Amino acid sequence: MNAGSETRRILLVEDEKAIRDAVAAYLERENYWVTMAGDGQVALDEFAKRSFDLVILDLMLPRVSGERVCRAIRDKSDCPIIMLTAKGEVEDRIIGLELGADDYLVKPFSPRELVARVRALLRRAHIDTEPQREILEFGDLVIDISGHKVLVQGKEVDLTASEFKLLTTLSRYPGRVYSRMELVEKVLGYDFEGYERTIDSHIKNLRAKLGDDPRSPKWLYTVHGVGYRFEIPHDTQPVSLEIDDMLGGTRG
Ligand code: CA
């Protein structure tokens with residue numbers, strides 16, 4: 001999907017061996033080059049030695065904490081960082097806003113979701129440096145971002161500019177929940193509350209055009225009381241149940 005891309009290097013920092021090995025195996029299967037670090041000091045040493053395209057960083061680490069590693073990397077590089085945290089360790093918002101991480105996942109997480117976030121962040125980092133044709137594929141749904149085209153089961157769907165913007169905004173970060181307010185700002189460019197309901201009607205139209213049933217959605221999910229999120233359909237990427245189960249039961 002990533003046309004002409006060379007192998008991307010990922011620094012994976014996690015002290016829990018079971019999670020580290022499982023995530024590394026999953027990333028390697030997706031053809032990423034993975035360097036593993038079991039504590040914060042090793043992570044900083046590795047980061048100093050060579051360049052990485054992305055860092056996956058556990059928050060609670062021996063020797064040097066994930067927080068300090070994150071700040072140290074941010075001080076000298078724009079390298080995308082995904083933080084891993086255990087539930088209740090720290091408020092999500094603090095990680096996003098203060099540490100300078102680009103994204104975060106709360107444990108237990110599915111490796112499939114982590115890979116989706118990795119891909120999205122690398123894509124974004126890549127777009128910032130060299131513009132190229134970008135096509136996202138989610139099962140029957142194909143979004144040609146640069147060509148401004150959307151296909152469902154091979155047939156082009158006619159979307160308005162706002163619907164297209166809404167769909168691309170959500171699908172760039174599968175699994176991430178967007179509030180209506182965020183979507184208003186990103187899609188419509190307004191910044192006041194009266195327009196939140198407009199997002200609901202855009203979503204409604206978008207669902208109708210994509211043939212996505214809100215009662216049993218394939219792509220566009222309502223997050224009640226908050227907003228919406230996009231999901232990669234389950235049939236798009238085969239998931240290894242063993243790894244999912246292992247990570248699902250692990251903490252720390
Ligand atoms: Ca840890």
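Each ligand, and each atom within it, is numbered from 1 in the order the structure gives. Because the structure is predicted, anything quoted here is derived from the model rather than measured.
With sequence neighbours excluded, no residue forms a side chain to side chain donor-acceptor pair (under 3.5 Å) with K204. Evaluation of the salt bridge (charged side-chain N to carboxylate O under 4.0 Å, His left out) rule for E156 yields no partner, not counting sequence neighbours.
At a cut-off of 3.0 Å, D58 is counted among the residues with an N, O or S atom near the Ca ion (ligand 1). At a threshold of 3.0 Å, the Ca ion (ligand 1) has no backbone or side-chain N, O or S atom of E14 nearer than that distance.
Residues V152 and L220 share a single hydrophobic cluster, defined by chaining ILVMFWY side chains whose heavy atoms lie under 4.5 Å apart.
Here the N, O or S atom of D15 that is nearest to the Ca ion (ligand 1) is OD1.
A donor-acceptor pair under 3.5 Å links the side-chain atoms of R20 to the main chain of E14, judged by distance alone.
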